[in-house]
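Everything below concerns the one structure shown next.
Throughout, residue positions are numbered sequentially from 1 according to the sequence presented. Everything quoted here is computed from the prediction, not taken from an experiment.
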Amino acid sequence: MGLPALGLLLAAGLLHTQASPSARSFQLDYEHNCFRKDGAPFRYISGSIHYARIPRPAWRDRLLKMYMSGLSAVQVYIPWNYHETLPGVYDFTGNRDVEAFLDLTAELGLLVILRPGPYICAEWEMGGLPAWLLWKPDIILRTSNPAYLAAVDSWLHVLLPKIKPRLYHQGGNIISVQVENEYGSYYACDHGYLRHLLGSFRALLGSEVLLFTTDSTGAQELRCGTLQGLYATVDFGPGSNVTEAFGAQRRVEPRGPLVNSEYYTGWLDYWGEAHASTSAAWVARGLEDMLQLGASTNMYMFHGGTNFAYWSGADYKGQYKPVTTSYDYDAPLSEAGDPTEKLFAIRTVISKFQPLPAGPMPPATPKYAYGWVALQKYADLLDVLDVLCPSGPIQSQFPLTFEALKQVHGFVVYHTQLPWDVPDPAMLGAPPHSICDRGYVMLQKEYQGTLERDGQTTLHVTGRAGDSLDILMENMGRISFGANTSDFKGLLGNLSLNSRPLSNWLIYPLAIDTTVQQGWPHTALPKSSSGGRVGPAFYTGTFETPGIAWDTFVKFPGWSKGLLWINGFNLGRYWSCRGPQQTLFVPGSVLHAGRPNNITVLELEGAPPTPLLLFLDHPLYNRTLGCSTMATE
């Protein structure tokens with residue numbers, strides 16, 4: 001047989017395979033109200049997991065536990081701001097290697113429902129939108145605004161080509177891709193924006209991939225969040241009437257599979273409120289009700305994880321409500337990735353509808369109570385501004401926002417001097433809504449108290465002309481849901497003294513994390529610091545593990561509020577006196593076995609007389625204390 005003829009036969013064979021039912025496909029079947037995978041009716045039982053909230057060495061353990069729970073799929077958000085850290089600067093390395101995470105899901109036999117945004121909510125800083133979008137004047141987020149769309153398209157052109165080869169019909173394991181996220185809950189209701197996204201997703205991912213939207217079950221939300229060409233799904237929790245909730249989906253999608261894209265297994269925590277919990281029996285019953293209807297369901301969350309560093313978002317419900325560092329969510333797998341009673345209740349329900357994988361559930365990871373560790377005060381924050389802001393301060397007549405300073409996370413110091421003598425207590429205050437989010441006030445380097453967004457916004461001070469006035473401003477996380485995602489940080493207005501505006505500011509954007517990652521202050525020369533315990537200051541210490549590096553939880557007895565780094569890794573914010581969270585999760589992967597572990601604490605308000613940390617083998621999530629009590633346990 002001549003080669004050309006062989007080539008024709010091969011070509012015919014290839015054509016034949018593409019047309020045969022055995023070709024890989026994942027589609028909607030409007031006639032039988034189901035999905036079809038490779039031509040056969042299919043329903044998924046899925047769980048949400050966020051790679052950005054889990055240390056990379058733990059990814060496999062968490063995904064394996066999800067697979068062994070009987071899940072056929074995982075649902076994954078991609079936070080834009082986690083990867084495009086500055087305009088045109090991308091990071092897909094280490095913990096941000098989303099491709100490695102997706103490869104692991106495929107290796108473990110899990111399908112993926114991908115939610116690449118560009119907005120994701122997720123109780124994540126600014127809902128996944130990069131804060132640098134706010135550097136652009138007059139930008140209107142999540143709309144057809146040209147500046148916003150240009151940034152979105154530029155990002156999608158980087159991200160989606162990484163996704164395309166992983167789509168199911170291309171031989172990968174991604175069965176569907178969500179466009180935007182709960183857009184119906186946003187005030188703009190801009191269908192032109194959704195149409196633009198649909199065009200971009202189709203152009204970059206092709207015409208075969210199943211694209212969908214997710215919204216809550218309200219009529220207004222479903223009107224504004226859905227679009228012809230995107231399959232509409234809904235989200236609701238165990239408290240909802242399943243028939244009514246799916247009835248809402250049917251009003252916008254009369255035919256096709258029933259889908260709950262976010263079935264809530266628990267809920268998030270806010271600082272200063274009780275720890276949320278949802279009973280295992282209640283979650284299991286709602287799941288069974290949906291599965292009996294033949295619905296496809298994704299449990300949000302199946303494993304919540306941790307808002308390390310500055311990644312926790314905030315809500316605005318009449319007031320600013322920042323989210324805790326723990327994103328345990330009362331989920332079936334705990335913050336540390338351990339199977340709970342809820343997981344086994346869910347697994348029992350799943351076993352009634354599809355076979356479970358053979359073999360045991362992997363056990364909880366080992367934990368270790370390393371015990372008490374003594375810290376020493378290293379320096380007051382105001383005494384190390386030269387290290388934390390090496391480029392020096394910016395001079396400005398009036399305060400500048402974090403965004404104007406191009407500071408994304410963390411802290412900025414605003415420094416000025418009292419312009420006149422203040423022998424009698426004068427009111428230091430800010431206009432409404434201009435403290436974003438907390439301001440720690442020092443006069444002559446003495447801590448005076450804290451100004452707080454939607455809280456106390458005035459203090460009384462006395463002093464002399466020329467006395468130094470410093471305000472350390474803290475960003476507690478940008479609002480991640482609802483109308484107000486343009487959440488500027490820092491001092492948004494002038495501070496005044498007895499209603500007379502203060503001016504002539506020196507502004508120090510602090511690069512604390514960069515400095516700590518480079519080994520400071522452990523590698524620096526000791527400083528002679530004041531023995532005072534109040535106001536923003538750094539504390540350091542070390543501890544050795546007994547030859548192991550197991551997960552642990554650290555408690556802050558008598559401390560107020562601040563941040564913790566171990567070996568340069570930012571474990572997030574603690575706020576012991578406000579609660580409910582009392583411990584921070586420390587993954588074993590950040591610890592060294594056999595050499596000292598460096599602890600750095602930035603305490604913002606006041607440390608205990610004897611600064612100690614306590615490492616436990618279990619978390620404490622539900623203890624809310626009064627900040628003034630400095631209580632210890």
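- A salt bridge links K162 with E99: the closest approach of a Lys/Arg side-chain nitrogen to an acidic carboxylate oxygen falls below 4.0 angstrom.
- Side-chain contact, T306 with E335: a donor N or O sits under 3.5 Å from an acceptor N or O.
- Classification of R453 and D437 as a salt-bridged pair holds, one side-chain N sitting under 4.0 Å from a carboxylate O.
- Between the side chains of E603 and Y574, at least one donor N or O lies within less than 3.5 Å of an accepting N or O.
- Under the 6.0 Å cut-off for aromatic ring centres, H50 and Y300 qualify, their centroids lying closer than that.
- D551 and T365 share a donor-acceptor pair across their side chains, judged by distance under 3.5 Å alone.
- Looking at T515 and I512, their side chains never come closer than 4.5 Å, going by heavy atoms from C-beta outward.
- The side-chain heavy atoms of R53 and Y329, taken from C-beta on, include no pair separated by under 4.5 Å.
- Side-chain N/O atoms of S144 and D190 include a donor and acceptor closer than 3.5 Å.
- In this structure, a donor-acceptor pair under 3.5 Å is present between the side chains of D513 and W565.
- Looking only at distances, a side-chain donor or acceptor of H157 sits under 3.5 Å from a matching main-chain atom of D153.
- The closest donor-acceptor contact from the side chain of N81 to the backbone of P130 lies at 3.5 Å or more, if one exists at all.
- Within the 4.5 Å cutoff, side-chain heavy atoms of I394 are placed close to those of P509.
- The residues R578 and E452 are annotated as salt-bridged, a charged nitrogen and a carboxylate oxygen being separated by less than 4.0 angstrom.
- Other residues, nucleotides and ligands contribute over 12 non-hydrogen atoms within 6.0 Å of the NE2 atom of H592.
- The closest side-chain heavy-atom distance from P118 to Y148 is below 4.5 Å.
- Remark: the T324 side chain and the N307 side chain contain no N/O donor-acceptor pair separated by less than 3.5 Å.
- Within 6.0 Å of CD on Q395 lie no more than 12 heavy atoms contributed by other residues, nucleotides or ligands.
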